[in-house]
Amino acid sequence: DTGVSQNPRHKITKRGQNVTFRCDPISEHNRLYWYRQTLGQGPEFLTYFQNEAQLEKSRLLSDRFSAERPKGSFSTLEIQRTEQGDSAMYLCASSLGARAYEQYFGPGTRLTVT
Amino acid sequence: GEDVEQSLFLSVREGDSSVINCTYTDSSSTYLYWYKQEPGAGLQLLTYIFSNMDMKQDQRLTVLLNKKDKHLSLRIADTQTGDSAIYFCAEEGYGGATNKLIFGTGTLLAVQP
């Protein structure tokens, strides 16, 4: 499978716990994006990496959220002290070019905070 | 600000045409997109249209763009039960370090056999 993969696919956690998600982009894609999709809404942009550099963060990304892409390949998104409002689908996308139509999406990680 | 709006729900009978509508606000968007999302699956890009075009046809899909009214529509001909999904329109947002997708709220298409 050469598509974007995300792990885990589902995560249930108690409020206050920390969680970490992983995204493996399509190999050779130097651009990587994280989006968040809450129930009944469309995805919203969270952050963008070009290679290992995090070049843009949405104001949606509070201080409890941190994302890394240490070697310019896979990326992790960590949420500290989870809140019920963090329950959502977290989507990762990768691309080689800058146009949005070049973004390939992974299947997402569904987070439920109880 | 940027905002993309869609109707929430559409129900059609198998074999009929479906028309899903969308309005957007950013007149500088160069490309506009339609995505399909099925349960448990990622977002699938269906088609996109360049802003200097009025219409684009791709097999059963027809996209119409009215730039004056900032209105985008997706017509699915001969709708099948496999077309049941959530459909998102999206515009390409500029500013910042990269082009990013700005999605509508999604339209749930239910196809009745």
Side-chain angles (χ1 to χ4, degrees), chain A residues 1-10 23-26 29-51 53-61 69 88-110, chain B residues 1-9 20 22-26 28-51 53 56 58 61 63 72 74 85-108:
Chain A
D1 187 5
T2 57
V4 178
S5 61
Q6 294 186 244
N7 288 287
R9 295 291 305 277
H10 303 273
C23 170
D24 286 272
I26 294 171
H29 278 191
N30 60 340
R31 298 168 187 261
L32 188 146
Y33 309 78
W34 285 98
Y35 291 82
R36 181 175 70 184
Q37 184 179 13
T38 53
L39 201 61
Q41 299 295 318
E44 295 174 291
F45 170 78
L46 289 180
T47 190
Y48 161 67
F49 288 86
Q50 187 163 333
N51 299 310
Q54 187 176 19
L55 297 184
E56 189 172 349
K57 291 195 289 187
S58 160
R59 57 182 179 274
L60 293 176
L61 216 63
R69 194 182 183 199
M89 177 78 85
Y90 290 84
L91 295 165
C92 176
S94 71
S95 72
L96 194 55
R99 297 249 65 121
Y101 60 71
E102 298 178 85
Q103 293 181 29
Y104 289 82
F105 282 84
T109 294
R110 180 166 294 285
Chain B
E2 300 152 327
D3 199 10
V4 182
E5 295 187 352
Q6 301 177 237
S7 53
L8 291 181
F9 182 73
I20 303 172
C22 169
T23 57
Y24 62 97
T25 57
D26 189 352
S28 66
S29 291
T30 306
Y31 288 94
L32 295 145
Y33 302 86
W34 284 103
Y35 283 83
K36 178 182 181 183
Q37 188 175 45
E38 295 176 274
L43 282 165
Q44 176 192 353
L45 177 63
L46 286 177
T47 186
Y48 60 92
I49 188 167
F50 190 52
S51 59
M53 297 170 66
K56 180 179 180 181
D58 185 0
L61 304 178
V63 178
L72 184 72
L74 174 70
I86 301 175
Y87 290 80
F88 293 96
C89 68
E91 60 182 349
E92 192 153 350
Y94 305 104
T98 187
N99 298 346
K100 55 189 73 67
L101 288 161
I102 298 162
F103 289 89
T105 51
T107 299
L108 174 62

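Owing to the predicted nature of the structure, the values given are computational and were not obtained by experimental measurement. By convention in this document, chain letters (A, B, ...) are assigned in the order of the sequence lines, proteins followed by strands, and residues within each chain are numbered from 1.
- More than 12 heavy atoms of other residues, nucleotides or ligands sit less than 6.0 Å from atom OH of B/Tyr87.
- Interface remark: A/Glu44 contributes no atoms to any contact with chain B (heavy atom separation under 4.5 Å).
- For the salt bridge (Lys or Arg N to Asp or Glu O under 4.0 Å) test, residues two or more places apart in sequence or in another chain that qualify with A/Glu56 are B/Lys100.
- Other residues, nucleotides and ligands contribute only 12 or fewer heavy atoms inside 6.0 Å of the NZ atom of A/Lys57.
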request  = Please lay out, stage by stage, how B/Thr30 and A/Arg99 fare under the test side-chain contact (heavy atoms from CB on, under 4.5 Å).
outcome  = CA-CA 10 Å; B/Thr30 306; A/Arg99 297 249 65 121; 4.1 Å; yes
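- Ring geometry, A/Tyr101 versus B/Tyr33: the interplanar angle falls from 30° to 60°, so the pair is classed tilted.
- Scored by the ring pair (Phe, Tyr, Trp, His ring centres under 6.0 Å) test, A/Phe49 finds no partners at all (sequence neighbours excluded).
- B/Leu45 touches chain A through its side chain: at least one heavy atom from C-beta onward sits under 4.5 Å away, while N, CA, C and O do not.
- Taking every heavy atom of both residues into account, A/Pro43 and B/Phe88 meet most closely at CD-CE2, 4.2 Å.
- Looking only at side-chain heavy atoms (C-beta outward), A/Tyr35 and B/Leu43 stay at 4.5 Å or farther from each other.
- Highest contact tally toward chain B, considering only A/Gln41, A/Met89, A/Arg31, is held by A/Gln41 [criterion: heavy-atom pairs under 4.5 Å].
- For A/Leu55, the parts lying under 4.5 angstrom from a heavy atom of chain B are both the backbone and the side chain.
- Only the side chain of B/Gln37 comes within less than 4.5 Å of a heavy atom of chain A; its backbone N, CA, C and O stay farther away.
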